[in-house]
Amino acid sequence: MVEEIWQELAKAKYLQWEHVSSKRSWELQSLKDACESALKVEHVFDISEAEGFLDEVSASHLNQLEALGQVFRKAAEADTPSEVPDHLCCKITLDILRDPVITPSGVTYERAVILEHLEKVGRFDPITRERLLPSQLVPNLAIKEAVQAFLDRNGWAYKVW
C-alpha cells in the first residue's frame with residue numbers, strides 16, 4: 001500500500017511540475033521573442049546612425065543575439081530532464097531512492113528492496129557479499145535529504161510510470 005501511495009504522490013508531483021514547466025517555457029519563449037525584437041529594432045537604429053561601421057554594428061548585433069540565446073538556454077535547463085545522479089539511486093533497482101538505508105559496508109539501498117533480497121536470496125550484501133542482517137540496516141538520512149532536494153529542483157524526476 002505504501003508503494004501505491006508513493007506512486008500516486010509521485011504522479012501528482014510530476015503533473016504539477018509539468019504544468020508549471022509548460023507555463024514557464026511559454027513565458028520564457030515570449031520573453032525571448034520580445035528581447036530579440038528589441039535587439040532587431042536597436043540594430044536597425046544603429047545601422048541608420050553608423051557611418052561606415054556596418055561590419056562592427058552587425059558583429060555586435062550577432063554577439064548580442066548569441067548571448068541572449070545562451071541566457072535563455074541556461075534558464076530552460078531546469079525544465080530539461082536529464083539523468084538522476086547514481087548516488088541517489090538504489091544499487092539494485094537503479095530507481096531513485098525513497099527510503100534509503102545504509103549497510104555497515106557503506107552501500108545504500110532502497111529499504112524494501114534490500115529487505116526482500118535478504119529474505120529471498122540470502123543474508124548478505126549483494127555488492128560486497130558480506131554477511132548482512134536486517135537489524136544492521138540504518139536509515140541514510142543524508143541521502144534522503146539529498147534526494148528530496150534533487151526532486152524539489154527537478155520535478156521531472158518524479159516520473160516513475
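Source: prediction; values computed, not measured.
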Honestly curious: do [X] and [Y] fall in one hydrophobic cluster under the side-chain, below-4.5 Å linking rule?
| X | Y | result |
| --- | --- | --- |
| Val20 | Tyr14 | no |
| Ile92 | Ile102 | no |
| Tyr158 | Trp17 | yes |
| Val147 | Leu137 | no |

Parallel, tilted or perpendicular: ring planes of His43 versus His61, cut at 30 and 60 degrees: parallel
Rounded to the nearest 0.5 Å, what separation is found between the [atom1] atom of [X] and the [atom2] atom of [Y]?
| X | Y | atom1 | atom2 | value |
| --- | --- | --- | --- | --- |
| Ser105 | Asp125 | OG | CG | 4.0 Å |
| His87 | Thr108 | NE2 | OG1 | 10.0 Å |
| Phe72 | Cys35 | CZ | SG | 4.5 Å |
| Glu110 | Lys91 | CD | NZ | 12.5 Å |
| Ile127 | Tyr109 | CD1 | OH | 3.5 Å |
| Asp33 | Gln29 | CG | CD | 4.5 Å |

Ile143 backbone acceptor or donor facing Asn140 side chain under 3.5 Å: yes
Residue pair Leu65, Glu36: steps toward the side-chain contact (heavy atoms from CB on, under 4.5 Å) verdict: CA-CA 7 Å; Leu65 284 175; Glu36 286 175 347; 4.1 Å; yes
Worked check of side-chain contact (heavy atoms from CB on, under 4.5 Å) between Leu151 and Ile96: CA-CA 10 Å; Leu151 289 172; Ile96 196 159; 3.9 Å; yes
Would you mind reporting whether [Y] and [X] have side-chain heavy atoms less than 4.5 Å apart?
| X | Y | value |
| --- | --- | --- |
| Pro100 | Leu88 | no |
| Val84 | Asp95 | no |
| Phe124 | His117 | yes |
| Leu28 | Lys32 | no |
| Lys144 | Gln148 | no |
| Val101 | Leu115 | no |

Neighbour count above 12 (heavy atom, 6.0 Å) for Gln70 CD: yes
Glu27, CD: over 12 other non-hydrogen atoms inside 6.0 angstrom: yes
Heavy-atom closest pair, residues Pro126 and Ile114: CD-CD1, 3.6 Å
Closest contact, heavy atoms only, Gln136 versus Arg131: OE1-O, 3.9 Å
Worked check of side-chain contact (heavy atoms from CB on, under 4.5 Å) between Lys40 and Val44: CA-CA 6 Å; Lys40 286 177 186 174; Val44 169; 5.6 Å; no
Salt-bridge present (Lys11, Glu8; N to O < 4.0 Å): no
